[in-house]
Every structure is written in structure tokens, then in C-alpha cells.
J.: 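Questions regarding the structure given below will be posed in turn.
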Amino acid sequence: MCREPVLLVIAHGSRDPRHAATVHALVRRVRSLRPGLRVETGFLDFNVPSVQGVLESLAAEGVRDVVALPLLLTRAFHAKADIPAVLRDAPRRLRIHQAEVLGPSPLLLSALERRLYEAGLTPADKSSTGVVLASAGSTDPEAIAVIADIAREWWHTGWCAVRPAFASASLPRTEDAVRELRELGCSTVAVAPYVLAPGFLPDRIARGAARADVLAEVLGPSPEVARVLLERYDAARVPMPAAVGA
């Protein structure tokens, strides 16, 4: 007999209440896609419950196996340092498997296009539309390279052009990428935030999109994002046989 591990979604947290509300909405969608799977949410900062608090509660209940899934789009500092450090301090009786971050994934590109179409574009607009792939930004070269790779991959699906941009730590900024696409001759310029939830940096992206024609919403609780969470969970879990007599 195998018991399905608990899925613990680990979010960064924010003082902006929209952040936690979006995370909880995404987790509800994950539960709706996989009835019977226990999904918990923990935050690294600003919001409750904390990751450590959730882990202690699970251990006290007698849970053995947990898949800890970073709610992150790239493998930057939080995925490489913060989250492993928190997990190392978990109760010893827990067997924890850290899942990969969400990106890159073809499903996330589908979610980005969904948001652009919801904002008013149509598939017929692709060849004349330049898109700014606007990320939060990072000082991690690996994370920056991933965003550039995603932009190149997305461009090959038929957009006039796709340019990466960053709200912090890296260049170019959203407004610079918008200007570049104008100069390139794209008839329409759209900004697609490659972020999961509203907050300070997504608001900065929105301000940088002031001269764009279209600004999409954040990825949020889109069905594609929820499916990526389940893919990462399935890849990370290692079913453990129940103890004899359990």
C-alpha cells in the first residue's frame, strides 16, 4: 500500500493582500483538478501560515511524506537557498522531497497567451504584435538566461517579436522593451507579466507598460499554472510503502 504525499505549496509572501489571495485561489484550483490530494500552503515571509509552522503541524498529525513545491517561475535565490534552508529545519520524522520550480514549461506559455487574449488580442494579431515578456527580475544569471530563452522560444510561435524585460535587478526595464518594439515596427505592443501574483514588482511592470497597447493580467490561478503544479508534484513524489501494521 502507498500513501500519497502531501503537497506543500511554498509561496514567498507579500505585504500586498492580493498576493496571498491569488496563491490561495491557485491552490483551490489545484485541489479541484486532483480531488483527494491534500494540498497545504505555507509562506516564507509576511503571511501565515509559515512553512515551518505547516511542517510542524503535519508532523504532529503523523504525516510522513511531503512534496515541497516552490511557487516560483525560475531557480533563483529562494529556490536554491531560502527554501532548502527552511526544509532542513523541518521535523525529522518528515520525509520531504523538494519539487522543481514551475518554469520553464509549455503550459506557462499557454497561460501567457491566455492572458493576452483575455486582454483583447486574438490569434490573428500574433504576426503584427510585439510582446514584452516582463519578469520580476533576479541577480541570478541562470534565472535571467531562462527568461531570455523563454522569450526566444515564444517568438518562434509566430509573434512579431518577443523581448524580455525585468522589474528589478536586471535590464532592460519594461518601458525600454516597449520602446524597442515600437522602433522595430510592430503594429501592436503587448506586455505579458511573467509573474504569478500581484504585488510591488507586478505594479512596477504595469507602470512600465503605460505606452503599450495591451497589458495582460498576471498568470494567477489559471488552469495551466495549476496543471504545472501537479506535473511538478508527480515528478517529485516518491511513494513510500506504509509501515507494517499501519
J.: Check whether any side-chain heavy atom of D16 sits under 4.5 Å from a side-chain heavy atom of F200, and report yes or no.
T.: no
J.: On a heavy-atom basis, which atom in W159 and which in V162 lie closest, and how many Å separate them?
T.: CB-CG2, 3.9 Å
J.: Counting only heavy atoms not in R38 (residues, nucleotides, ligands), do more than 12 fall under 6.0 Å from its CZ?
T.: yes
J.: Look only at the side chain of D234 and the backbone of E231, and say whether a donor-acceptor pair between them is shorter than 3.5 Å.
T.: no
J.: Between S105 and R232, is the side-chain contact (heavy atoms from CB on, under 4.5 Å) condition met? List the steps.
T.: CA-CA 10 Å; S105 166; R232 298 294 183 256; 3.9 Å; yes
J.: Are V132 and F166 connected, step by step, through hydrophobic side chains (Ile, Leu, Val, Met, Phe, Trp, Tyr) whose heavy atoms are closer than 4.5 Å?
T.: no
J.: With distance as the sole test, does R31 use its side chain to make a donor-acceptor pair with the main-chain N or O of V39 at under 3.5 Å?
T.: yes
J.: Is F46 linked to V27 within one hydrophobic cluster, defined over Ile, Leu, Val, Met, Phe, Trp and Tyr using a side-chain heavy-atom separation of less than 4.5 Å?
T.: no
J.: For A20 and F43, work out which heavy atoms get closest and say how close.
T.: CB-CZ, 4.1 Å
J.: Before giving the answer on side-chain contact (heavy atoms from CB on, under 4.5 Å), spell out for D203 and R18 the whole-Å C-alpha distance, their side-chain angles and the decisive distance to 0.1 Å.
T.: CA-CA 11 Å; D203 284 349; R18 297 173 297 168; 2.9 Å; yes
J.: So how far is it from S135 OG to L201 CG, rounded to the nearest 0.5 Å?
T.: 9.0 Å
J.: Are the side chain of Y233 and the backbone N or O of P5 linked by a donor-acceptor pair below 3.5 Å?
T.: yes
J.: How about CZ on R93, more than 12 heavy atoms from neighbouring residues, nucleotides or ligands closer than 6.0 Å, or not?
T.: yes
J.: Please determine whether side-chain contact (heavy atoms from CB on, under 4.5 Å) holds for the pair I150 and L109, giving the CA-CA distance in whole Å, both sets of side-chain angles, and the decisive distance to 0.1 Å.
T.: CA-CA 8 Å; I150 293 170; L109 288 181; 3.7 Å; yes
J.: Do R3 side-chain atoms and R64 backbone N/O form a donor-acceptor pair below 3.5 Å?
T.: no
J.: From E217 CD over to R115 CZ, what is the distance, rounded to the nearest 0.5 angstrom?
T.: 7.5 Å
J.: Taking I83 as the starting point, is it possible to reach V67 by hopping between hydrophobic residues whose side chains are less than 4.5 Å apart?
T.: no
J.: Would you give the length of the straight line joining atom NZ of K80 to atom OG1 of T74, rounded to the nearest 0.5 angstrom?
T.: 8.5 Å
J.: Could you tell me which non-hydrogen atom of C160 sits nearest to which non-hydrogen atom of S128, and how far apart they are?
T.: CB-C, 3.8 Å
J.: Report yes or no: does R173 contribute a side-chain atom to a donor-acceptor pair with the main-chain N or O of S170 at less than 3.5 Å?
T.: yes
J.: Where is the tightest heavy-atom contact between I205 and T174, given as atom of each residue plus distance?
T.: O-CG2, 3.9 Å
J.: Does R75 reach the side chain of E100, with side-chain heavy atoms less than 4.5 Å apart?
T.: yes
J.: Using modelled atom types and a 3.5 Å cut-off, is there a donor and acceptor pairing between side-chain atoms of Q52 and backbone atoms of D89?
T.: yes
J.: If we only count heavy atoms from C-beta on, is the V225 to L107 side-chain gap below 4.5 Å?
T.: no
J.: What distance do H97 atom NE2 and D65 atom CG have between them, rounded to the nearest 0.5 Å?
T.: 5.0 Å
J.: Could you tell me whether E224 and R227 have a side-chain N and a carboxylate O separated by less than 4.0 Å?
T.: no
J.: Is it the case that more than 12 heavy atoms not belonging to E56 sit under 6.0 Å from its CD atom?
T.: yes
J.: Run the side-chain contact (heavy atoms from CB on, under 4.5 Å) check on L7 and V30 step by step: do they pass?
T.: CA-CA 10 Å; L7 170 57; V30 171; 4.2 Å; yes
J.: Could you tell me if the side chain of P223 sits less than 4.5 Å from the side chain of R114, heavy atoms only?
T.: yes
J.: Kindly compute the distance separating CG (L55) from CG (L87), expressed to the nearest 0.5 Å.
T.: 6.5 Å
J.: Tell me whether L230 is reachable from L219 by hopping between hydrophobic residues (I, L, V, M, F, W, Y) whose side-chain heavy atoms are closer than 4.5 Å.
T.: yes
J.: CG/L116 to OG1/T129 distance, rounded to the nearest 0.5 angstrom?
T.: 8.5 Å
J.: My understanding is that only one of L181, V189, L133 makes a side chain to side chain contact (heavy atoms under 4.5 Å, CB included) with R163; could you say which?
T.: L181
J.: Are L73 and V146 co-members of a hydrophobic cluster defined by side-chain heavy atoms under 4.5 Å apart?
T.: yes
J.: Quick one, L44 and I10 - any side-chain contact, counting heavy atoms below 4.5 Å?
T.: yes
J.: To check you understand the geometry: which heavy-atom pair defines the closest contact between H19 and A197, and what is its length?
T.: ND1-CB, 3.7 Å
J.: Determine the minimum heavy-atom distance between S14 and N47, stating which atoms define it.
T.: N-OD1, 2.8 Å
J.: Look at the side chain of R204 and the backbone N and O of A167, then say whether any donor-acceptor pair between them is shorter than 3.5 Å.
T.: yes
J.: Would you say the side chain of P221 lies within less than 4.5 Å of the side chain of T22, judging by non-hydrogen atoms?
T.: yes
J.: In the structure I gave you, are the side-chain heavy atoms of L58 and V66 within less than 4.5 Å of one another anywhere?
T.: yes
